[in-house]
There are 2 protein chains.
Amino acid sequence: MTGGPAFREKSVLHIVPDIDTGEALTERQKAVLDAALRLLVEEGDQLTMTAVARRASCSKETLYKWFGDRDGLLTATVQWQASKVRVAPVDGKGLDLASLTASLERFASDWLKVISSDTSIALNRVAIGHAGPIRRKEGKDNLGAVVLENGRFALAKRLKPVLEAGRQNGLLDFADAETAFRTFFGLVARDVQIRLLLGDRLELTEAAIGGDAARATQQFLALHGAKTGPQGPRAG
Amino acid sequence: MTGGPAFREKSVLHIVPDIDTGEALTERQKAVLDAALRLLVEEGDQLTMTAVARRASCSKETLYKWFGDRDGLLTATVQWQASKVRVAPVDGKGLDLASLTASLERFASDWLKVISSDTSIALNRVAIGHAGPIRRKEGKDNLGAVVLENGRFALAKRLKPVLEAGRQNGLLDFADAETAFRTFFGLVARDVQIRLLLGDRLELTEAAIGGDAARATQQFLALHGAKTGPQGPRAG
DNA sequence: GCCGAACCGTAACGTACGGTACGGCAAGCC
DNA sequence: GGCTTGCCGTACCGTACGTTACGGTTCGGC
């Protein structure tokens with residue numbers, strides 16, 4: 001590229017073609033993104049291109065060639081992490097109250113573990129920092145959308161079939177799956193995420209998470225469990 | 001936990017004595033902080049000292065003299081806003097189910113209005129951005145603590161007496177006021193705050209807020225309303 | 001061996017911004 | 001008047017960091 005603004009359009013190959021997140025990456029690129037991710041967790045949003053290059057043992061020129069600019073690197077990093085978190089959907093076949101309860105507790109427990117993890121906190125922090133008002137001309141505030149899409153909305157997408165299977169089998173009673181999901185979400189997460197994001201110490205032990213998951217599940221069943229079956233509250 | 005605003009003497013160095021109520025501020029200083037607040041809402045965290053000075057029609061030198069440094073200005077701004085938000089506590093006397101329900105709905109509605117306001121979102125964004133890992137040598141992460149103290153914890157402090165009055169009068173049944181509060185918090189806020197912080201459009205109309213407040217209140221009463229009227233067998 | 005592509009390491013550039021210094025001006029006080 | 005105080009406006013400095021440029025090295029293909 002001696003002289004001419006040959007590829008000034010700075011987003012040809014960097015963009016990471018929307019769907020196959022993580023698919024079109026070479027091993028080396030994944031390693032670089034892992035380094036960036038680690039740095040993001042350690043240093044927060046003020047990680048520098050130089051630091052990423054040094055940590056990943058690659059040159060800044062390579063970073064810019066692969067990811068376009070700092071935002072591109074950040075976006076790719078967030079998407080890369082998101083692509084690693086994909087969880088297997090739960091099959092809602094032959095559902096009885098016990099297995100439904102177990103599924104809900106599992107979802108609650110997994111979700112609490114996710115939102116209290118260092119990685120999630122760091123990612124949410126950077127995404128929130130980038131979601132300022134009218135930032136950039138057009139799209140580019142992808143970070144918040146990506147995090148949301150792979151966090152809260154992915155959870156809803158996986159949980160709703162379970163809820164609807166429960167309704168189908170007469171175990172649950174609700175009018176709108178979306179509303180029911182949000183109730184469950186609120187009962188599980190409560191104030192945990194905002195407190196952690198704001199820097200509140202709040203160590204969630206394995207035991208505490210298990211207890212909270214059971215409590216949230218029982219509360220949800222108390223609200224939306226079908227009245228026809230047994231639903232005794234149990235110690236939690 | 002988090003008893004009072006744990007001030008490091010770092011920020012006391014420069015003006016802003018540890019009155020977090022914004023009492024010791026001159027009118028001019030309040031005007032400057034209002035300008036900073038407006039700018040914070042408009043521009044997010046990347047507001048500059050120069051921009052604040054220009055907006056407030058004051059010199060940068062004055063900003064530094066009054067607030068020490070950028071963080072001091074940010075902290076003072078957050079505290080200034082917090083001091084304006086103080087809400088009158090609800091008196092929980094002669095409580096019957098109707099007035100309890102009304103109180104809870106009021107709390108829920110107020111809280112939803114707060115967390116969906118531009119100001120709250122901007123403040124939480126900047127506080128979260130400042131709550132990174134091991135930022136600075138000492139204290140300095142005050143922002144998150146301040147926001148938490150004047151948001152979620154202030155809400156708890158005002159709501160708990162109402163809950164306990166409800167229990168006293170046999171209207172509510174719960175073991176731990178803190179846990180009960182967190183349940184109510186979760187039922188009210190659900191995913192609203194995190195979605196807004198991450199940039200999700202999510203217009204909350206007055207009507208929607210009212211509906212959500214009523215729903216959350218009914219759900220809370222379903223979970224913690226006394227089943228047998230004002231003569232429950234439980235003694236503590 | 002030669003060539004080109006990809007990449008590393010690092011120096012260099014440009015700029016934005018936090019922080020400081022200085023001149024000017026108005027008000028109060030002697 | 002002259003001195004002091006407090007503030008505005010602005011020029012200035014230092015640095016951090018995003019971004020670019022360039023020389024050097026490795027590696028695959030012929």
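As the structure is a prediction and not an experimental result, all values here were calculated from the model. Note on naming: letters A, B, ... go to the chains in the order of the sequence lines (proteins, then strands), and numbering restarts at 1 for each one.
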Discussion item. Just by distance, no angles: are the side chains of A:Ser117 and A:Ser120 close enough, under 3.5 Å, to form a donor-acceptor pair?
Written reply: no
Enumerate the protein-to-nucleotides 15-17 of chain C contacts in which both atoms are nitrogen or oxygen and the separation is below 3.5 Å.
none

Worksheet item: Can you name the side-chain hydrogen bond (donor to acceptor under 3.5 Å, both in side chains) partners of A:Gln219, sequence neighbours left out?
Response: A:Arg215, B:Thr183
Discussion item. If the threshold is 4.0 Å, N to carboxylate O, is there a salt bridge linking A:Lys157 and A:Glu149?
Written reply: yes
Worksheet item: So do the side chains of B:Asn124 and A:Ile194 get within less than 4.5 Å of each other, counting heavy atoms only?
Response: yes
Discussion item. How many whole angstroms separate atom CG of A:Leu63 from atom C1' of D:dC17?
Written reply: 14 Å
Worksheet item: Quick one: B:Tyr64 OH to D:dC12 C1', roughly how many Å, whole number?
Response: 13 Å
Worksheet item: Atom CG in B:Leu104, atom OG in B:Ser109: separation rounded to 0.5 Å?
Response: 12.0 Å
Practice prompt. Taking only Lys NZ, Arg NE, NH1 and NH2, and the carboxylate oxygens of Asp or Glu, determine whether A:Arg38 and A:Asp34 approach each other closer than 4.0 Å.
Written response: no
Worksheet item: When you look at B:Asp45 and B:Arg70, which way does the salt bridge (Lys or Arg N to Asp or Glu O under 4.0 Å) test go after all the steps?
Response: CA-CA 11 Å; B:Asp45 195 7; B:Arg70 187 172 180 275; 3.5 Å; yes
Below 3.5 Å between N/O atoms, which protein atoms pair up with nucleotides 7-10 of chain C? Just atom names and distances, please.
from  : atom 1 : to      : atom 2 : distance (Å)
C:dC8 : OP1    : A:Arg28 : NE     : 3.2
C:dC8 : OP1    : A:Arg28 : NH2    : 2.7
C:dC8 : OP2    : A:Ser59 : N      : 3.4
C:dC8 : OP2    : A:Thr62 : OG1    : 2.8
C:dC8 : N4     : A:Glu61 : OE1    : 3.0

Fill in: Salt-bridge criterion met for B:Glu178 and B:Arg152 (N-O under 4.0 Å)
yes
Discussion item. Tell me the interatomic distance from A:Phe67, atom CZ, to D:dT20, atom P, rounded to whole angstroms.
Written reply: 16 Å
Practice prompt. Specify the separation, in whole Å, of atom CG of B:Leu74 and atom P of C:dG19.
Written response: 11 Å
